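All values derive from a computational prediction rather than experimental measurement. Computation of the quantities below employed the complete heavy-atom set of this structure, encompassing side-chain atoms and omitting hydrogens, waters and symmetry-equivalent molecules. Every chain is numbered from 1, with letters handed out A, B, ... down the list of sequences.
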Number of protein chains: 2
Amino acid sequence: MNKSRVTVIDIARAAGVSKSTVSLVLQASPLVNEATRAKVNATIRELGYVYNRGAANLRQSASSRIIGIIVNDLTNSFFAELAVGMDMVMQSAGYVQFLSNSAESIDRQREVIASMREHGIAGLILSPARGTEAADLKPLVASGIPVVAVVRNVVGAKVSTLFSDNYAGAKDAVRHLIALGHRRIAFLGGISNTTVFTERVQGWREALAEVGMDAPDTHVIPSTASRAGGVAAIERALLLPDPPTAALCFNDAAAFGVCDGLRAAGKEPGRDFGVVGFDDVIEAETAVPALTTVSVDPQGMGRRAAQLLLKQINAGRVEPEAIVSSVRLVVRQSCGAGSSDKTRRIFA
Amino acid sequence: MNKSRVTVIDIARAAGVSKSTVSLVLQASPLVNEATRAKVNATIRELGYVYNRGAANLRQSASSRIIGIIVNDLTNSFFAELAVGMDMVMQSAGYVQFLSNSAESIDRQREVIASMREHGIAGLILSPARGTEAADLKPLVASGIPVVAVVRNVVGAKVSTLFSDNYAGAKDAVRHLIALGHRRIAFLGGISNTTVFTERVQGWREALAEVGMDAPDTHVIPSTASRAGGVAAIERALLLPDPPTAALCFNDAAAFGVCDGLRAAGKEPGRDFGVVGFDDVIEAETAVPALTTVSVDPQGMGRRAAQLLLKQINAGRVEPEAIVSSVRLVVRQSCGAGSSDKTRRIFA
DNA sequence: TGACAAAATTGGAACGATCCAATTAAGTAC
DNA sequence: GTACTTAATTGGATCGTTCCAATTTTGTCA
């Protein structure tokens with residue numbers, strides 16, 4: 001249709017003012033006369049003018065109002081919720097976001113970061129792919145762009161962080177299982193050389209230590225953080241000379257796998273074996289049996305991460321900050337504590 | 001650190017060439033001598049130069065390599081998968097994406113579209129919020145920016161579309177229920193004045209007509225497309241003078257609700273009543289009983305939508321195109337056909 | 001060596017906004 | 001009506017890149 005786009009100069013000409021005046025109107029400056037403002041605004045609407053942010057950002061002073069978000073697995077509803085939380089805050093703050101899914105690939109993550117940098121993002125929130133190194137974030141940090149790492153850690157990187165309280169969550173969960181009478185409680189699933197894993201195991205260990213119970217290494221059975229990993233872990237656990245009667249699982253996906261594995265072995269989760277997950281994904285509530293799990297409110301975390309980043313962007317000076325997001329245990333059926341009608345009907 | 005960013009002029013000076021030569025190197029032009037290219041590239045690395053895409057896009061000819069994606073509900077794993085599929089294709093094609101969640105709000109959707117326009121997106125993929133009108137997309141379309149609508153329709157908008165084959169999927173599902181011996185098959189859940197609803201009901205109707213069966217309007221019971229809606233719909237269905245013995249549900253969420261409602265009425269889904277869903281969300285496989293449903297492969301749809309958009313961007317001339325994505329029936333337990341160990345153990 | 005083609009390089013003018021300093025218009029007080 | 005303050009408006013110059021036309025360098029052949 002329009003062979004060339006409408007610019008400030010076009011409206012200036014049409015409205016009979018200078019481009020400077022139009023610019024002032026655009027940024028709602030109080031310097032411009034009411035009548036002039038009205039006339040310019042009318043012309044803007046009439047000609048269908050579209051503000052060109054790219055051009056505006058060219059001047060060195062301006063910061064771009066674009067922020068980058070990279071998550072390692074958007075198909076995981078935990079991260080999808082996280083992203084939605086960020087989206088909310090960024091939206092309302094007038095920012096627009098490049099959201100990308102690294103799919104756990106550091107190469108892809110590197111590409112995306114480079115691309116975002118070229119587009120001049122004002123900040124980055126990153127849920128790092130496994131194996132992310134401080135060097136991957138170095139150039140961003142060096143050029144003064146605030147970075148917030150969420151969920152997972154990037155060792156050695158001087159960036160702000162926002163993690164859930166893995167330690168306290170795991171501790172609470174295990175305390176609950178102890179209170180239910182369990183004396184041999186395993187930790188199942190998850191990849192062992194990650195910070196998250198270490199923290200959750202630490203919580204498990206401390207809860208047992210509190211009441212003078214044993215925390216043998218044989219009861220920590222790592223695997224992948226997935227359903228399949230959960231199945232594998234519980235299979236190995238049941239072969240132990242002193243098999244556990246309950247388990248804290250690395251995350252909900254693994255916990256579902258543990259339930260599958262238990263059934264395959266003729267045991268009913270919740271009745272014959274206590275299962276507790278971590279994350280509180282949406283399916284946890286509606287699964288059968290409903291999963292007892294540590295809720296981390298991913299959407300809330302996303303919101304907080306976004307607020308933290310915005311604070312840093314506005315502050316100018318980037319001062320890395322570490323925030324720990326609290327969690328709470330949600331007791332449902334799978335630990336054996338619940339006794340809702342639903343559970344009764346199925347397991348009685 | 002660096003008080004001002006490094007520009008082509010800086011590298012030109014440092015490498016002892018002109019900015020034009022640097023520009024040619026940046027776009028890998030064959031016009032530049034090998035030795036010069038090497039020297040320039042070395043300088044680029046040395047000074048830590050970052051390409052400024054905003055500045056490059058300023059020249060009118062350039063198209064921005066940014067595309068917009070808006071989904072109506074990212075917390076729904078169907079749409080998350082859809083987004084991931086798009087991300088894959090866009091990534092590999094060297095595009096970067098503004099991804100936003102309208103959360104079913106047309107106001108928010110409008111804002112996001114405006115913002116994306118100001119940032120100069122090359123195209124938009126939209127899974128429209130309910131109530132989206134052609135007028136909302138008019139300015140984009142008028143300025144020649146390709147738009148692809150996915151999943152849902154925008155009536156009257158001259159944009160490309162990519163929908164799943166609701167008609168064929170519903171037809172297949174009902175045929176399957178007929179083959180299982182059902183003679184009174186209802187259509188439960190969903191909001192009636194939507195295209196998707198109409199198409200699925202049409203498939204239901206035709207499948208019944210094929211074998212000369214009745215398709216009374218009383219057997220079509222709309223409600224919301226949610227778990228609660230499913231409960232409400234089955235309650236009403238069971239009160240009919242000739243209650244159905246099976247149902248095709250609007251989507252999986254409604255189907256789960258129907259299962260809940262059946263149990264509340266003392267009937268076991270899969271044994272006493274055949275239930276079929278639509279979408280094949282992740283939970284469908286692991287629910288009890290596992291849900292028979294029509295699988296639409298959201299990730300594949302996302303990929304196809306992205307490819308369609310890229311094709312339109314490259315073609316220059318925008319010629320709206322309508323693509324229908326095929327679906328397939330996944331038979332599990334809830335329809336009464338399956339008889340896996342799992343089902344037996346729980347419902348025997 | 002000179003003539004000419006091909007290869008490589010280059011300055012300057014865009015692109016569309018902002019911002020500064022300078023100018024003009026409008027008020028106010030005497 | 002003049003002097004002065006305040007309110008509005010306005011030309012450049014600028015941001016970092018691309019692109020065009022023009023220029024310089026190199027290569028080839030008689």
Pairwise ring pair (Phe, Tyr, Trp, His ring centres under 6.0 Å) hits with a residue in residues 296-315 of chain A, at least two apart: none
Is there a donor-acceptor contact under 3.5 Å from the side chain of Ser160(B) to the main chain of Glu321(B)? yes
Rounding to a whole Å, what distance do you find between Leu58(A):CG and dC15(C):P? 14 Å
Would you please name every residue forming a ring-ring contact (aromatic ring centres under 6.0 Å, His included) with Phe98(A), sequence neighbours left out? His119(A), Phe98(B)
Looking at dA14(C), does its base get a donor-acceptor pair with the side chain of Arg59(B) below 3.5 Å? yes
Is the phosphate of dT18(D), meaning OP1 or OP2, less than 4.0 Å from a side-chain N or O of Ser23(B)? yes
Min side-chain heavy-atom separation Asn72(B)-Arg152(B) under 4.5 Å: yes
Tell me, which of residues 48-57 of chain A have any heavy atom that sits under 4.0 Å from an atom in DNA chain C? Tyr49(A), Val50(A), Tyr51(A), Asn52(A), Ala55(A), Ala56(A)
Less than 4.5 Å apart, any side-chain heavy atom of Val151(B) and any of Leu162(B)? no
Are the side chains of Met90(B) and Leu309(B) in touch, meaning some heavy atoms are under 4.5 Å apart? yes
From CZ of Arg13(B) across to P of dG16(D) the rounded distance in Å is 12 Å
Does any N or O in the side chain of Glu118(A) come within less than 3.5 Å of the main-chain N or O of Tyr51(B), such that one atom is a donor and the other an acceptor? no
Arg37(B) with Glu34(B): basic N within carboxylate O range, under 4.0 Å: yes
With axes from five pairs an end, tell me the bend angle of the helix from dT1(C)-dA30(D) to dC30(C)-dG1(D), nearest 10°. 40°
Is the shortest side-chain heavy-atom distance between Val17(A) and Val22(A) below 4.5 Å? yes
Less than 4.0 angstrom between a side-chain N/O of Gln27(A) and OP1 or OP2 of dA17(C), yes or no? no
Separation of dT18(C) atom P from Ile9(A) atom CD1, nearest Å, is 12 Å
Minimal heavy-atom distance between Glu104(B) and Arg130(B), with the atoms involved, is OE1-N, 2.9 Å
Side-chain contact test, heavy atoms from C-beta onward, threshold under 4.5 Å: evaluate it for Phe163(A) versus Thr195(A) and give yes or no. no
Taking the side chain as every heavy atom from C-beta outward, state whether Asn52(A) and Leu58(B) have any pair of such atoms under 4.5 Å apart. yes
When you measure from every atom of DNA chain D, which of residues 113-121 of chain B have a heavy atom less than 4.0 Å away? none
Side chains of Gln299(A) and Met88(A): does their closest heavy-atom pair fall under 4.5 Å? yes
Which atoms of nucleotides 6-10 of chain C (N or O only) lie under 3.5 Å from a protein N or O atom, and what are those distances?
unit_1: dT9(C); atom_1: OP1; unit_2: Thr36(B); atom_2: OG1; d: 2.4
unit_1: dT9(C); atom_1: OP2; unit_2: Asn33(B); atom_2: N; d: 3.0
unit_1: dT10(C); atom_1: OP2; unit_2: Ser18(B); atom_2: N; d: 2.7
unit_1: dT10(C); atom_1: OP2; unit_2: Ser18(B); atom_2: OG; d: 3.3
unit_1: dT10(C); atom_1: OP2; unit_2: Thr21(B); atom_2: OG1; d: 2.8

